[in-house]
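Everything on this sheet refers to the single structure shown next.
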Number of protein chains: 4
Amino acid sequence: MSEQNEKWLKELMMLAEGSDNIKTEKQARIVEAAIEIFSEKGFAAASTSEIAQKAGVAEGTIFRHYKTKKDLLISIAGPIAVKMAAPFLMREFASKILDLPHEQFRDLLRTIAKDRLQFVRDHFKLLRILIHEIPFQPELLEQTKALFKEIVLKRMEEIIIHFQKKGQVIEAPPWRILRTTASIFIGMVGTRLLLMPDEDIDEDEEIERTLDLIMYGLSPKPKEEQPRST
Amino acid sequence: MSEQNEKWLKELMMLAEGSDNIKTEKQARIVEAAIEIFSEKGFAAASTSEIAQKAGVAEGTIFRHYKTKKDLLISIAGPIAVKMAAPFLMREFASKILDLPHEQFRDLLRTIAKDRLQFVRDHFKLLRILIHEIPFQPELLEQTKALFKEIVLKRMEEIIIHFQKKGQVIEAPPWRILRTTASIFIGMVGTRLLLMPDEDIDEDEEIERTLDLIMYGLSPKPKEEQPRST
Amino acid sequence: MSEQNEKWLKELMMLAEGSDNIKTEKQARIVEAAIEIFSEKGFAAASTSEIAQKAGVAEGTIFRHYKTKKDLLISIAGPIAVKMAAPFLMREFASKILDLPHEQFRDLLRTIAKDRLQFVRDHFKLLRILIHEIPFQPELLEQTKALFKEIVLKRMEEIIIHFQKKGQVIEAPPWRILRTTASIFIGMVGTRLLLMPDEDIDEDEEIERTLDLIMYGLSPKPKEEQPRST
Amino acid sequence: MSEQNEKWLKELMMLAEGSDNIKTEKQARIVEAAIEIFSEKGFAAASTSEIAQKAGVAEGTIFRHYKTKKDLLISIAGPIAVKMAAPFLMREFASKILDLPHEQFRDLLRTIAKDRLQFVRDHFKLLRILIHEIPFQPELLEQTKALFKEIVLKRMEEIIIHFQKKGQVIEAPPWRILRTTASIFIGMVGTRLLLMPDEDIDEDEEIERTLDLIMYGLSPKPKEEQPRST
DNA sequence: AATGAATGAGCCTTCATTCAT
DNA sequence: AATGAATGAAGGCTCATTCAT
């Protein structure tokens, strides 16, 4: 990792902590209310007066803490992307994983998937806001794009290459492998949270079956030994 | 397919045609301008006066054709979901496909993927609007949800089951197979159009390699014969 | 007069007419109300809602005609300076006056004074606004400064020099003569309108006596013939 | 001078000292900042928070010393008018001057002009504020008006009459003589400070030439002896 | 005396919508 | 069908002032 990237990382870590410079209790209430309302009606359709009301503060109080409504949005939505990528930001992320000698690629995917799935559930509204406003807020767009291109993609590439060398993953461009795998999980989460928020299913089982698809695809194995779990 | 669904289908077909009840040239210009601006700034942040200006009509003219701003949105974004699902709406969709005796599942995926990919490219802005406004417009949400659950999912399930019987697709719940496959393609399109809109790559090749992943997964084949297409 | 000045003059004449692009009756009422309120409380302390109310229109109507509150101010205060200087803008101003063979300098001063005094009375509120806002509106400042330096001063200099040659005015820098004379009249008007608005006095007489002071100063004439008019 | 006036005078003297009841260093900084900002943007457009910031104090601190923003203005702009008129407030002003046996009226004018011109230069921003706010603050208006009508005008009338008796000044209503003279000097100062703040000229010379105009007017002397100073 | 977070009224401006022409 | 002036509600934001610390 280049020196420049080192510096970048630090900034990112700070940004990730950024959401925590909430000093007063009122400010916390404002942020909470803003998350609720932004996620419900979208940034543009949300009104500061409604946020103030929900937060139980005067409208002016919002503007004491955030210079503009957009400031409030950025301070809320900005750090969440970094947090989403946080595991990949740890300097030792790749090395740690690669050191575990008998680790299977599948196990790695499972770990990441479960962890991030939990994160998504914990920060659903925030991520909703982020995703929705990214196209309209160049700051968010650039920051998030860079984060995933420079950090997540790079780290995952190292790992994928590692497992390719170990013969656990086919030879294909790492980015395509990452894209496909990520898409499948995102699709899983999206379906779960958006289309069927109420149905409750055995999630571990679902993840396992999805891992099957990722690892072995749709085409049935020629004949005998299918190493699939039931 | 139930009787009720039959009726539904008709409505949908009409809805799909709905965008075509554009009578005057000015109305067409309004729609065009609205698509441009909605997709650029989002529905809530777009102003009817800006639309009117871009369309070269008076502000009042918009409201002669559409009762409200939201009306305009719905009349634009509503039909696009139906059109996106149009191939699956054809009564004969499944039967036609299933009749083609020597069809491979992979070939079917390829055909659908290419067709819909082209559609996405042709209607990028409209789909962008749809996706963005779905969470905030219950009408759009319900309509689209139903469309995919009742039509697309059902039709594809028939087909997947068909190919499972033929031994070309593993035994797994069809919805999971659909979800995974769809996610992969959506991820591919998304990456292409959003993250790297300028890079030009061999798309056919990319589709083929992605089909490889869908069919055979990430795990290398035990030994010799790899039945991959080039 | 240079060519550039010729062009300038035209622009000024247009500006002078500028206040007349009042198209609707409501717009006229807005302008009238704005003059009233700006002059009464000052631009910054005036509120658009108050203006709207006084004009009997909706607040939004103001912004249909004037993009901003400041726009309204400029469109009101901008042309008045030009109108104040209008007599000096006429191309033939100097020549006309200089052609009148037996004209006395004193008569010229009297004519201008009476004319402009009437103008001030007719546009008192507008001039009040102009004078008050000039220091805070660079546009007004520059425009007005240039107007008086380039037009009024120049034209009056020609005339003063003319009368100096005729021996009716002492040899002194024309600008100082102009400044002194103008100051005296401005002081007269100011006193009249600001300090004693209600007292009514014989204005012609007052002007005549003031002309005495301008022409002969405070120092009594040595002895015999005092050519003063009664 | 009436008894009532005597009392008035005392109040005025106190007012004149009023600006000095600045107790703490922070208060001094507030006043300084307020002068700067009031004079720059005008009272209404100035914000207390900006003043606080410039003064380096907390917003609340201003209101500990001045009950309201207007209070701050009055406490700043009020005394300056009195100070401007201070020389005329001295009880012995007229008598002192009139006792100087061989004093010329012209010398008196020169002395006052130079002194007050210096004062204007020293308190330019404050006077700017005063002049600007007088029309909107009845307190300032009444106070200032009374000050000049009751004190300055009265004292100067005595003096003018004195010099009229000595034959140094023509017979004309003293107020008109005062008005004219004052206007000429005000015009001179205004031109100097507002229109051409950067040009540097020989001020003493300028004053002398202006005195010429005041004393002898624009009309050339009949023939030989011109009693003008160089 | 000093602070600065909090207030809420009020400001300028925008906007979807109406309606007379 | 088309216009565009008019509306008035609502929006984001500022500000003088208060008050607990």
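Values reported hereafter were calculated over all heavy atoms of this structure, with side chains retained and with hydrogens, waters and symmetry mates removed. Letters go in sequence order (proteins before strands), and every chain restarts at 1.
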Point to revise | Residue pair C:V57, C:I51: steps toward the side chain to side chain contact (heavy atoms under 4.5 Å, CB included) verdict | key: CA-CA 9 Å; C:V57 303; C:I51 293 171; over 6 Å; no

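- With rounding to whole Å, D:K23 atom NZ is found 9 Å from E:dA1 atom P.
- Residue-to-nucleotide proximity on DNA chain E shows that, of D:V57 and B:E59, the 5′-proximal contact is made by D:V57.
- Sequence order on DNA chain F of the closest nucleotides to B:E25 and D:T68 puts B:E25 first from the 5' end.
- Annotation: A:K145, atom NZ; neighbour count of heavy atoms from other residues, nucleotides and ligands within 6.0 Å is above 12.
- Taking the ring axis of B:F136 as reference, the NZ or CZ atom of A:K41 does not stay both within 45° of it and closer than 6.0 Å to the ring centre.
- In the displayed structure, C:Q27 atom CD is contacted under 6.0 Å by more than 12 heavy atoms of other residues, nucleotides or ligands.
- Residue-level contact check: C:T61 touches the bases, meaning some heavy atom is under 4.0 Å from a base atom.
- Rounding to whole angstrom units, CD of residue C:Q27 and P of F:dG4 are separated by 16 Å.
- Heavy atoms of C:A46 sit under 4.0 angstrom from primed sugar atoms or phosphate atoms, though from no base atom.
- A:K125 is linked by a salt bridge (Lys or Arg N to Asp or Glu O under 4.0 Å) to A:E36, counting only residues two or more places apart in sequence or in another chain.
- Contact annotation for A:S47: backbone-only contact, meaning every heavy-atom pair under 4.0 Å involves sugar-phosphate atoms and none involves a base.
- Residue B:F63 places its side chain closer to E:dT17 than to any other of E:dT17, E:dT3, F:dT18.
- Counting to the nearest Å, the P atom of E:dG10 and the CD atom of C:Q53 are 13 Å from each other.
- In this entry the distance linking CZ of C:F38 with P of E:dC12 reads 9 Å, nearest Å.
- Mapping B:K69 and C:G60 onto DNA chain E via the closest heavy atom, the residue that lands nearer the 5' end is C:G60.
- Figure legend: A:K69 and A:F43 shown as a cation-pi pair, the cationic atom lying under 6.0 angstrom from the six-membered ring centre and within 45 degrees of its axis.
- Per the geometry, CZ belonging to C:R64 stands 13 Å off C1' belonging to E:dC19, to the nearest Å.
- Atom CD of C:E59 is surrounded by more than 12 heavy atoms from other residues, nucleotides or ligands within 6.0 Å.
- Position along DNA chain F of the nearest nucleotide to A:A44 versus B:A58 favours B:A58 as the more 5'-ward residue.
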Check your understanding: Can you give the dot-bracket line for DNA chain E, where a pair is Watson-Crick or G-U wobble with both atom distances under 3.5 Å, crossing pairs use [ ], and | marks a partner on another strand?
Key -> .||||||||||||||||||||

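- The CD1 atom of A:I62 sits 11 Å away from the C1' atom of F:dC13 (whole-angstrom rounding).
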